[in-house]
**Q** 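Quick one: the structure is below, and I'll ask about it shortly.
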Amino acid sequence: CVPGVRQAQWLTKTKLVEGLPPAVQAIVDNPALGLQELEERAKHVVSHARLWDTAEAAPRREKYCPVLFENLIHLCRSMSGKYPSLSKRMLARNCRIAATWERESILLQVRGLSGILMNSMTPIPPVASQEEILATKEHVLETFYPIAPTIDLQEVNVYKELNDTGQCFRDGYPYSHPHTLFFLESANARTDRFRPEQLRAKMLMFAFGNALAKAKALHGNDPKVLEQPVVVQSIGTDGQLFQFMVFQLNTTDLVSNDGVKNLVWIDSDQNLYERAQCVPEVKKRVVVKPAGISGFQPDTFKKFLALYLHGTV
Amino acid sequence: MASLRVRRLLGPGRRWFSETVPGAPSPPASPLYPPVVASITAKSKAAKSRRLQRFNQRVHAAATVEEKLRLYGKLQRPKYTVYPQTFALNADRWYRSFTKTVLVPGMPPRAAAAKRSVATAGATPEAGRAPEPAAVEAPAAVEAPGAAEAPGAAEAPGAAEAPGAAEASGAAKTSEPAAGAAPYLDIGELRSLACDALLQESFYQKKKRPFLYRDQDHTPGPFLTQLVSTLAASLSSRNPLLAACSLDLNPEVNYYWHHGEEVVVHGHRKGRVDPVRFQIDDNPHLQIRVPKQLPEVVPLESDLGDVPVIDHKPSKLPLFKKQYENKVFIGSKVADPCCYGHTQFHLLPDKLKRERFIRERLEDQIEVVYRSNGIASLFAWTAAQAMYQGFWSEADVTRPFVSQAVVTDGKYFAFFCYQLNTLALTAETIKNNPRKNICWGTDSKPLYDVVEDGNVKGFNDEVLLQLIRFLLNRPKEL
């Protein structure tokens with residue numbers, strides 16, 4: 001079976017770059033942000049979500065995944081005392097997104113509930129320089145001959161080409177720029193959850209859908225190379241593993257296979273902590289694993305916060 | 001010989017006739033017999049009280065708080081489930097009698113100090129006069145001596161004086177607390193945040209039609225979440241307690257207690273005298289928990305009113321009995337450092353909306369709904385917090401526990417502040433207990449009139465100010 005992200009790359013005419021973009025990495029490494037003090041609170045927040053939140057012995061994933069997300073967002077939001085422009089953000093839950101485009105004479109459409117969307121009044125500045133964007137012209141998209149790239153996609157008769165994030169919000173909405181999408185894989189059974197690879201593909205498709213809809217709203221429906229690329233970020237998690245993604249839409253000319261491509265930076269499979277033990281594990285009257293959170297990785301939280309602050313710092 | 005055998009027959013304690021006791025017998029070093037106490041297993045009142053004492057000692061001697069809570073709620077018997085959000089008529093009087101609470105209308109006077117510092121922000125010309133020389137301070141101080149200790153008294157001279165003089169002296173007096181607080185509060189910005197949240201949920205975001213009888217989950221619920229999270233984030237720079245708080249969506253709050261006595265009516269235990277057991281299981285919409293306790297509003301032993309006494313059985317309210325797990329829970333486990341409560345937000349369900357009461361011609365019961373929700377939820381929360389600190393009905397609280405709540409149906413907001421002074425509500429402990437719990441509460445006021453065409457009409461700043469005062473509440477050291 002074709003791995004999900006490579007297929008999504010072909011469908012959205014995107015070039016993949018491993019790791020986070022330098023602008024975001026600079027925020028992570030910036031000591032002036034005071035990320036060290038937040039580490040202690042981040043640990044508490046993880047313990048609260050995974051250990052203390054319920055009257056039963058241990059909370060289930062359906063409970064702890066959204067709670068962890070809410071707590072992390074609350075921590076990030078409390079930075080708005082330091083950076084007042086952070087207050088120009090608004091979370092919207094249960095947004096429906098719909099975007100259509102044509103790819104080598106195949107009409108594609110992305111539709112559905114795109115999780116939780118954070119909107120901002122100001123757009124994120126482009127992450128890649130002009131040279132990098134022009135350099136993508138040389139990049140050749142990976143094809144999967146003889147497998148058609150639209151394998152595993154559902155073919156439907158689309159009678160109305162729906163096309164904007166304005167579908168989710170009316171005109172005049174002050175927080176008009178999509179900033180970050182959050183995907184929570186909170187189903188209890190492992191079979192109902194997306195695997196990390198599939199989750200990354202889903203994140204890419206929805207980020208692309210939001211960016212395309214915003215670009216069409218700003219610059220019209222004609223396919224062209226954008227002077228002001230649209231940047232949309234995306235974070236996906238299942239409560240422990242985090243996937244970070246920054247997507248930059250450089251062109252809406254998606255019919256042909258050459259020319260300027262879009263860019264995506266993916267930082268995958270970042271663990272926030274190793275394990276969360278609710279009750280100490282005891283074998284033969286000796287405590288083998290004590291209760292609590294072990295293996296907390298502050299870097300993952302720093303990246304989460306950096307993606308949140310991106311655009312205002 | 002014979003006399004020896006006889007003496008042995010008589011036993012060690014007995015005396016023969018000819019033996020004289022030289023004075024009082026020397027008392028034995030330790031008692032010869034164990035103390036004479038009631039039996040443990042007999043069917044008698046003395047045995048019952050001895051069993052109760054043993055249980056109390058077990059709970060007192062528990063090593064950890066979790067063990068104490070486990071022992072406290074170990075015995076399961078049928079108990080009344082008290083619902084904070086109820087349609088029962090005059091439920092707030094009943095709930096006040098169950099929880100020994102006094103209802104004081106209006107907000108506590110301590111909030112007046114914060115109000116003045118916030119009000120001076122709006123009246124910037126007054127603030128310009130604030131750093132005036134001490135000449136203005138001195139007469140103001142003389143007029144209201146000890147204003148710092150009795151903020152309630154400060155209100156009275158402030159109101160009694162002429163308005164102009166009151167403004168100046170009020171502004172001068174608050175130069176100290178206002179200088180301690182951050183630079184003035186931008187009400188306009190907070191108002192725009194609130195309006196944005198309201199407009200997004202009700203106007204801008206396209207949603208499907210609300211599910212049947214789930215109108216509250218469609219707009220007011222998300223609006224309340226957005227409003228509180230954005231306000232808490234923007235006020236966290238002003239209130240360090242908010243910066244360290246834990247914001248929970250849809251937590252669980254439970255409390256179990258005994259109050260009063262009754263005779264068991266039927267069953268194999270018929271005729272025995274049992275305590276009346278109550279349990280509250282509450283799901284507030286939003287909860288803010290902090291690591292430090294809010295300061296007390298009035299001293300522990302204050303008496304601000306009367307507790308209603310109701311002669312009927314609780315089942316007349318109507319309340320129904322059920323037997324299930326006796327839970328005591330504040331929203332997170334004992335290990336959480338954020339173990340004190342700050343503010344809770346409750347959303348009234350569709351069943352209790354105002355139009356229904358007006359249609360059934362029960363307009364006076366609308367406020368009762370808000371009050372009973374405030375009293376019951378806050379009592380459960382503060383009492384559970386006290387139990388997390390190791391207090392219980394036999395070991396009464398040594399400091400008052402204060403928490404706040406906002407009860408709303410999306411448009412109308414009612415504010416409550418609760419001070420828990422006593423946990424001793426069982427039949428034996430309530431006999432010599434003069435302390436009462438106190439609840440301050442306001443009536444419900446609308447935040448806005450109507451939302452039309454992307455505009456919020458008739459926005460009420462008073463309600464927003466009260467909400468901000470609630471969120472800014474913190475201990476005096478911070």
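Chain naming here is simple, since letters A, B, ... match the order of the sequence lines and numbering starts at 1 in each.
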**Q** Taking 4.5 Å as the heavy-atom cut-off, does anything in residues 211-224 of chain B contact chain A, and if so which residues?
**A** none
**Q** Between CG of A:L75 and CG of B:L247, what distance do you get to the nearest 0.5 Å?
**A** 11.0 Å
**Q** Using 0.5 Å steps for rounding, measure from the CZ atom of A:R93 to the CD atom of B:E201.
**A** 8.5 Å
**Q** Looking at chain B, which one of A:P66, A:P174, A:S78, A:A55 has the largest number of heavy-atom pairs inside 4.5 Å, strictly under?
**A** A:A55
**Q** How long is the span from the CG atom in B:L249 to the CZ atom in A:F69, to the nearest 0.5 Å?
**A** 10.0 Å
**Q** Just verifying a value: how many Å separate A:M90 CE and B:L193 CG, rounded to the nearest 0.5 Å?
**A** 7.0 Å
**Q** Please identify, among A:A92, A:S87, A:C76, the residue contributing the most non-hydrogen atom pairs under 4.5 Å to chain B.
**A** A:A92
**Q** Within the distance-only criterion (no hydrogens, no angle test), does the side chain of B:Y204 pair as donor or acceptor with the backbone N or O of A:G172 below 3.5 angstrom?
**A** yes
**Q** Would you mind checking which part of A:D53 comes under 4.5 Å of any heavy atom in chain B, side chain (CB onward), backbone (N, CA, C, O), both or neither?
**A** both
**Q** Among B:D248, B:T225, B:L235, which residue has the highest count of heavy-atom pairs closer than 4.5 Å to chain A?
**A** B:D248
**Q** With chain A as the partner, which of B:E189, B:Q226, B:E325 has the greatest number of non-hydrogen pairs under 4.5 Å?
**A** B:Q226
**Q** Considering only heavy atoms, which portion of A:R77 lies under 4.5 Å from any heavy atom of chain B: side chain, backbone, both, or neither?
**A** both
**Q** How close do A:H74 and B:C245 get, heavy atom to heavy atom, and via which atoms?
**A** NE2-SG, 3.4 Å
**Q** Which region of A:E56, side chain (C-beta onward) or backbone (N, CA, C, O), has a non-hydrogen atom less than 4.5 Å from a non-hydrogen atom of chain B, or is it both or neither?
**A** backbone
**Q** With a 4.5 Å cut-off on heavy-atom pairs, point out which of B:P337, B:S192, B:S234 contacts chain A the most.
**A** B:P337
**Q** Say you draw a straight line from CG of A:L91 to OG of B:S229; how long is it, rounded to the nearest 0.5 Å?
**A** 7.5 Å
**Q** Around atom OH of B:Y83, are there more than 12 heavy atoms from other residues, nucleotides or ligands closer than 6.0 Å?
**A** no
**Q** Counting heavy-atom pairs under 4.5 Å with chain B, which one of A:E70, A:H48, A:R89 comes out on top?
**A** A:H48
**Q** Let me know if A:L51 has heavy atoms under 4.5 Å from chain B in its side chain, its backbone, both or neither.
**A** backbone
**Q** Taking atom NZ as the centre, does A:K43 end up with more than 12 heavy-atom neighbours from other residues, nucleotides or ligands that are less than 6.0 angstrom away?
**A** no
**Q** Taking atom NZ of B:K207 as the centre, report whether more than 12 heavy atoms of other residues, nucleotides or ligands fall under 6.0 Å from it.
**A** yes
**Q** Are more than 12 heavy atoms, taken from residues, nucleotides or ligands other than B:K457, located less than 6.0 Å from that residue's NZ atom?
**A** yes
**Q** Based on non-hydrogen pairs under 4.5 Å, which of B:A244, B:A197, B:P251 is most in contact with chain A?
**A** B:A244
**Q** For A:T54 and B:F329, work out which heavy atoms get closest and say how close.
**A** C-CZ, 3.4 Å
**Q** Considering only heavy atoms, which portion of B:S332 lies under 4.5 Å from any heavy atom of chain A: side chain, backbone, both, or neither?
**A** both
**Q** Please report the closest heavy-atom contact between A:A57 and B:K333, naming both atoms and the distance.
**A** O-NZ, 2.8 Å
